[in-house]
Amino acid sequence: MSTLARHARAEWGPLFSTVRGALAARRWRAVPMTLTAVGLTALFQYVQNQSWGYQFVQNIGCVRAEDPLWLALLRTPLSLFVPALDLPVWGALVQILLVFGIAEICLGRWRTLLIGYVATLAGTLYARVAIELGPDNPLGLPASDAQVVDTGPSAAVVGLAVYVCWRYRAYFTAALVSALMIVEVLVKNNLAGKEHLAAIAAVLVLCVLSAACHRDGGTRSDGCGSDGCGSDGCGSEDEGEDEGPGVKPPIQS
């Protein structure tokens with residue numbers, strides 16, 4: 001076996017074995033939440049591109065920093081499934097299918113939704129703080145970004161990718177994803193890119209808390225490489241189960 005193959009097997013072997021085993025045993029029944037998320041995202045994309053449905057989607061699932069905080073928090077869960085209007089929807093659907101699907105198999109559906117929500121919420125809250133800091137601060141954003149719609153599913157996808165890689169000790173891949181997000185901000189310094197970094201930061205905090213939970217419980221985290229489970233040792237996981245109408249707000253992705 002070549003050196004490259006050995007490194008690839010060490011990096012992705014446990015993760016690949018877990019996903020392959022679940023799909024071989026249950027096929028698409030292994031990822032019901034992911035299929036629902038893909039369908040919901042496709043539905044939102046269709047509806048928001050109709051004259052009669054655009055404002056409806058804005059009202060229930062689009063978050064901007066200028067919105068009252070209570071309203072943003074209310075809309076955030078559905079905002080995970082509202083794709084950006086300025087990007088091809090197939091990209092969002094593929095991301096959700098792959099990353100949510102792998103996460104659902106490896107972590108369980110409820111932990112996947114929780115981590116995706118935390119990542120998205122981190123980006124949403126960061127935007128408010130960054131706009132208060134202003135464009136002169138390295139972490140700040142211009143006031144005009146208060147009208148820009150948040151990232152949709154991409155922050156959740158990035159956060160889940162990093163968390164799953166950490167859980168399965170695919171550290172190089174996790175570092176690569178993080179590096180690409182940094183490059184994104186350097187090349188295109190906009191709200192979406194910085195929200196992706198905020199999502200990664202929030203997920204890294206979850207990783208630290210999970211590692212501390214293992215230590216405090218007297219257990220050793222093995223990245224689920226040996227037992228293939230979705231639990232991280234900190235609890236059991238259920239594995240079985242405004243703009244005016246017609247005026248589209250600025251979007252950056």
Atom of [X], atom of [Y] and distance for their closest heavy-atom approach:
{"X": "Asp67", "Y": "Cys62", "result": "OD2-O, 3.9 Å"}
{"X": "Pro83", "Y": "Val89", "result": "CG-CG2, 4.0 Å"}
{"X": "Ala156", "Y": "Ala119", "result": "CA-CB, 4.2 Å"}
{"X": "Asp150", "Y": "Ala127", "result": "OD1-CB, 4.5 Å"}
{"X": "Ile131", "Y": "Pro142", "result": "CG1-O, 3.9 Å"}
{"X": "Ala198", "Y": "Ala122", "result": "O-CB, 3.7 Å"}

Examine [X] and [Y] and state if one hydrophobic cluster contains both, with Ile, Leu, Val, Met, Phe, Trp and Tyr joined whenever side-chain heavy atoms are less than 4.5 Å apart.
{"X": "Leu43", "Y": "Phe81", "result": "yes"}
{"X": "Leu23", "Y": "Met33", "result": "yes"}
{"X": "Leu180", "Y": "Val158", "result": "yes"}
{"X": "Val63", "Y": "Leu113", "result": "no"}
{"X": "Phe16", "Y": "Val99", "result": "no"}

If you round to the nearest 0.5 Å, how far is [atom2] of [Y] from [atom1] of [X]?
{"X": "Leu4", "Y": "Arg9", "atom1": "CG", "atom2": "CZ", "value": "14.0 Å"}
{"X": "Ile182", "Y": "Ile200", "atom1": "CD1", "atom2": "CD1", "value": "7.0 Å"}
{"X": "Leu160", "Y": "Glu104", "atom1": "CG", "atom2": "CD", "value": "11.0 Å"}
{"X": "Leu125", "Y": "Thr120", "atom1": "CG", "atom2": "OG1", "value": "11.0 Å"}
{"X": "Tyr168", "Y": "Ile102", "atom1": "OH", "atom2": "CD1", "value": "10.5 Å"}
{"X": "Met181", "Y": "Leu176", "atom1": "CE", "atom2": "CG", "value": "9.0 Å"}

Sub-4.5 Å side-chain heavy-atom contact between [X] and [Y]:
{"X": "Lys194", "Y": "Asn189", "answer": "yes"}
{"X": "Arg6", "Y": "Thr3", "answer": "yes"}
{"X": "Leu85", "Y": "Tyr54", "answer": "yes"}
{"X": "Val157", "Y": "His196", "answer": "no"}
{"X": "Thr173", "Y": "Val162", "answer": "no"}

Stepwise side chain to side chain contact (heavy atoms under 4.5 Å, CB included) test for Leu141 and Leu133
CA-CA 7 Å; Leu141 291 167; Leu133 293 175; over 6 Å; no
Keeping [X] on the side-chain end and [Y] on the backbone end, is there a donor-acceptor pair under 3.5 Å?
{"X": "Thr18", "Y": "Cys106", "result": "no"}
{"X": "Gln50", "Y": "Tyr46", "result": "yes"}
{"X": "Ser210", "Y": "Leu206", "result": "no"}
{"X": "Gln48", "Y": "Val82", "result": "no"}
{"X": "Glu11", "Y": "Phe172", "result": "yes"}
{"X": "Tyr163", "Y": "Thr112", "result": "no"}

Could you go step by step and tell me if Ile60 and Phe44 meet the side chain to side chain contact (heavy atoms under 4.5 Å, CB included) rule?
CA-CA 10 Å; Ile60 67 170; Phe44 277 142; 3.7 Å; yes
Given side chain to side chain contact (heavy atoms under 4.5 Å, CB included), test Val203 with Val118 step by step and report yes or no.
CA-CA 8 Å; Val203 166; Val118 167; 5.8 Å; no
CH2/Trp70: more than 12 non-hydrogen atoms of other groups inside 6.0 Å:
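No - once you tally the heavy atoms of other residues, nucleotides and ligands closer than 6.0 Å, there are 12 at most.
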Should Gln45 and Leu93 be marked as a side chain to side chain contact (heavy atoms under 4.5 Å, CB included) after you check the CA-CA gap, both sets of side-chain angles, and the distance that decides it?
CA-CA 10 Å; Gln45 173 68 6; Leu93 297 179; over 6 Å; no
If we ignore angles and hydrogens, is there a donor and acceptor under 3.5 Å between the side chains of Gln58 and Arg64?
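Checked: Gln58/Arg64 side chains pair up, N/O donor to acceptor below 3.5 Å.
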